[in-house]
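Everything numeric here is computed off the predicted structure, so don't read it as measured data. Throughout, a chain's letter reflects where its sequence line sits, starting with A, and its residues are numbered from 1.
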2 protein chains.
Amino acid sequence: MTDSPKNDVSVAADEKKIPKAVIKRLSLYSRMLQELEHKNITKISSKELSDLLGMNPAKVRKDLAYFGQFGVPGLGYYVSELKAQIKRILRTDREIRVALIGVGHLGQALLAYGGFLRQSFRVVAAFDTSPDKIGRTFNGVKVMSTEHLEDQIRTLGADIVVLAIPAENAQATVDQVVRAGIRAILNFVPARIVCPEAIKVHYVDLGIELESLSYYLKD
Amino acid sequence: MTDSPKNDVSVAADEKKIPKAVIKRLSLYSRMLQELEHKNITKISSKELSDLLGMNPAKVRKDLAYFGQFGVPGLGYYVSELKAQIKRILRTDREIRVALIGVGHLGQALLAYGGFLRQSFRVVAAFDTSPDKIGRTFNGVKVMSTEHLEDQIRTLGADIVVLAIPAENAQATVDQVVRAGIRAILNFVPARIVCPEAIKVHYVDLGIELESLSYYLKD
DNA sequence: TAGATTGTTAATCGATTAACAATC
DNA sequence: TAGATTGTTAATCGATTAACAATC
């Protein structure tokens with residue numbers, strides 16, 4: 001009988017594990033700080049920031065404490081400095097290359113979405129199967145055929161793929177972009193997709209959100 | 001000094017609190033069971049169902065156990081019976097009246113979304129401010145002016161409002177639909193909205209999802 | 001009956017919040 | 001200095017998972 005791998009020093013011993021929830025909130029902070037900066041507000045306390053976002057001040061401080069000490073006791077945080085730090089942490093201080101697959105209503109909504117282009121995201125390509133769309137330009141992005149998807153994704157060096165296609169084609173498409181060396185997938189398709197562990201996948205499911213709201217309608 | 005309110009018998013003592021995460025997953029189960037039913041699969045174990053959804057079998061069983069005993073030991077669950085039970089729990093066994101506010105790309109994507117009409121959701125109205133859109137019909141839903149929003153929402157008896165408008169107008173619109181007696185809001189607007197406790201609000205934030213993915217690109 | 005799977009408890013894991021000494 | 005707010009620890013709360021007796 002072998003021992004259970006209790007004493008394994010796994011992956012990185014000193015690099016403390018960052019909860020996923022923290023990363024989500026960091027994006028939220030980043031956006032709010034952007035707004036504050038725009039309003040020429042130069043400093044803010046964890047209390048003020050948490051009030052703006054409807055959360056707990058201790059949570060804000062603890063989230064930030066995972067990455068360093070960015071505040072000044074008695075004063076709070078300097079808005080632009082904190083924003084810069086968070087962008088560095090999230091890696092949105094550099095260009096992130098995004099490929100959009102599926103230029104239907106949702107795909108077009110994403111292309112039009114300000115926050116999508118804001119920040120560092122650059123939509124380097126959009127793909128669709130429909131001859132009506134191929135060759136057309138949406139928000140400055142020209143739509144290409146999915147015929148040579150794998151090669152094109154590779155050539156363009158996309159980091160993230162945004163998937164907004166029908167469920168039937170999802171897995172086959174995922175297989176192609178995985179071979180093309182993509183690093184992360186934002187999946188709007190209401191179907192489970194399988195891909196290697198190393199690739200981070202986020203699901204956004206519009207239907208599930210609505211359906212679970214229905215539960216709370218009880219009176 | 002007063003005692004802390006430890007012995008308060010608050011709200012409903014016997015009705016055990018259901019975690020929000022459970023409700024989300026119930027929708028997921030519901031959809032998968034629908035698919036299975038369509039494939040004429042009549043029974044399924046927690047192990048099989050959890051494999052299909054990429055989760056843990058104990059979680060499936062525990063989620064269901066909040067609401068009753070729906071399975072047969074040694075056998076598993078009967079697909080259509082379980083589906084019916086979950087729909088009853090989620091209240092999607094009856095018509096849910098949805099009003100869409102904002103018929104831009106995202107709004108149109110939602111109207112076109114199959115799962116939106118599937119189930120019991122009925123889009124009873126769509127609203128927009130643009131004269132180009134008012135009067136037009138999308139997926140069988142006619143677009144109305146937002147001029148008499150409050151009255152119309154009230155008259156149509158909408159339960160849930162789906163918000164897909166620019167951030168600037170969000171709060172004013174929320175105030176109107178709250179006065180109109182709406183019960184829940186699905187908010188796609190990347191801004192915090194405030195409304196009475198009794199109204200359940202879900203946020204879906206497309207930008208945040210993308211931005212937090214960026215963090216995981218580290219190599 | 002033998003085999004399989006449920007429902008449920010206990011253990012673990014992860015996230016949130018309160019509290020406060022340290023610090024500006 | 002007095003007042004305010006941070007960073008951080010400990011306490012609490014909530015969610016997941018393992019394990020297994022009960023059951024078909």
Side-chain angles (χ1 to χ4, degrees), chain A residues 4-6 8 10-11 15-29 33 36 41-79 81-82 85-86 89 212, chain B residues 1 3-8 10-11 15-29 33 36 41-79 81-82 85-86 89 212 215:
Chain A
S4 64
K6 267 281 159 59
D8 270 13
S10 58
V11 197
E15 199 175 287
K16 57 184 175 301
K17 180 80 173 81
I18 313 293
K20 287 198 292 280
V22 171
I23 301 300
K24 280 253 172 77
R25 286 194 295 266
L26 246 34
S27 316
L28 234 34
Y29 302 154
L33 290 165
L36 292 167
I41 293 164
T42 57
K43 56 190 176 47
I44 192 163
S45 68
S46 60
K47 172 77 167 64
E48 292 167 321
L49 183 55
S50 66
D51 279 350
L52 286 171
L53 294 166
M55 53 172 67
N56 179 298
K59 189 151 63 177
V60 171
R61 296 199 298 277
K62 193 158 202 300
D63 285 351
L64 297 174
Y66 279 101
F67 303 96
Q69 311 191 159
F70 308 123
V72 185
L75 233 125
Y77 302 87
Y78 288 105
V79 171
E81 196 204 307
L82 185 57
Q85 291 284 2
I86 292 178
I89 295 163
S212 61
Chain B
M1 223 195 230
D3 274 327
S4 63
K6 268 280 158 58
N7 325 30
D8 269 12
S10 58
V11 197
E15 199 176 288
K16 59 184 173 301
K17 180 83 174 81
I18 312 294
K20 286 197 292 279
V22 171
I23 301 301
K24 281 254 171 77
R25 286 194 296 266
L26 246 34
S27 315
L28 234 35
Y29 303 154
L33 290 165
L36 292 166
I41 293 165
T42 56
K43 56 189 176 48
I44 191 162
S45 69
S46 60
K47 172 77 167 65
E48 292 168 320
L49 183 55
S50 66
D51 280 350
L52 286 171
L53 294 166
M55 53 171 68
N56 179 296
K59 189 150 64 177
V60 170
R61 296 200 296 278
K62 194 160 203 301
D63 284 351
L64 297 173
Y66 279 101
F67 304 96
Q69 308 191 159
F70 307 123
V72 186
L75 233 125
Y77 302 86
Y78 288 105
V79 171
E81 195 204 308
L82 184 57
Q85 291 284 2
I86 292 178
I89 294 162
S212 61
Y215 172 79

Has B/Ser46 got a side-chain N or O lying under 4.0 Å from the OP1 or OP2 atom of C/dT6? yes

Side-chain atoms of A/Gln69 come closest, of C/dG7, D/dA15, D/dG7, to D/dG7

Given side chains that start at C-beta, do those of B/Thr42 and B/Val79 come closer than 4.5 Å, heavy atoms only? no

Do A/Tyr77 and A/Leu64 pass the side chain to side chain contact (heavy atoms under 4.5 Å, CB included) test, and can you show the C-alpha distance, the side-chain angles, and the key distance before you say yes or no? CA-CA 11 Å; A/Tyr77 302 87; A/Leu64 297 174; 3.7 Å; yes

Quick one: does A/Glu81's side chain have a donor or acceptor within less than 3.5 Å of a partner on A/Tyr78's backbone? no

Report the distance from atom CD of A/Glu81 to atom C1' of C/dC24, rounded to the nearest whole Å. 14 Å

Between B/Arg25 and D/dA15, is there a side-chain N or O to OP1/OP2 distance below 4.0 Å? no

Starting from P on C/dT6, measure out to CZ on B/Phe67 and report it in whole angstrom. 18 Å

For the pair A/Leu36 and A/Leu52, evaluate side chain to side chain contact (heavy atoms under 4.5 Å, CB included) and give the outcome as yes or no after the intermediate values. CA-CA 10 Å; A/Leu36 292 167; A/Leu52 286 171; 4.0 Å; yes

Expressed as a whole number of angstroms, how long is the span from B/Phe70:CZ to C/dT5:C1'? 17 Å

Could you walk me through whether A/Leu26 and B/Tyr215 pass the side chain to side chain contact (heavy atoms under 4.5 Å, CB included) check? CA-CA 10 Å; A/Leu26 246 34; B/Tyr215 172 79; 5.9 Å; no

Could you state the CD1-P distance from B/Ile44 to C/dA4, rounded to the nearest angstrom? 18 Å

Is there a side chain to side chain contact (heavy atoms under 4.5 Å, CB included) between B/Ser50 and B/Asn56 once you walk through the steps? CA-CA 6 Å; B/Ser50 66; B/Asn56 179 296; 5.8 Å; no

Without decimals, in angstroms, what is the distance between A/Lys20 NZ and D/dT16 C1'? 12 Å

Expected output is a numbered-order residue list: members of residues 47-64 of chain A with a heavy atom under 4.0 Å from any atom of DNA chain C. What is it? A/Asn56, A/Ala58, A/Lys59, A/Arg61, A/Lys62

In dot-bracket notation, what is the pairing pattern of DNA chain D, taking Watson-Crick (N1-N3 plus N6-O4 or O6-N4) and G-U wobble (N1-O2 and O6-N3) contacts under 3.5 Å, with [ ] crossing and | for other strands? ..||||||||||||||||||||||

4.5 Å side-chain heavy-atom contact, B/Leu53 and B/Tyr29: yes

Hey, is B/Lys47 close enough to B/Asp51 for a salt bridge, meaning N to O under 4.0 Å? yes

B/Ile89 vs B/Tyr66 side-chain heavy atoms within contact, under 4.5 Å: no

Is A/Tyr77 close enough to D/dG7 that one of its side-chain N or O atoms is under 4.0 Å from OP1 or OP2 there? yes

Rounded distance in Å - CG (A/Leu75) to C1' (D/dG3): 12 Å

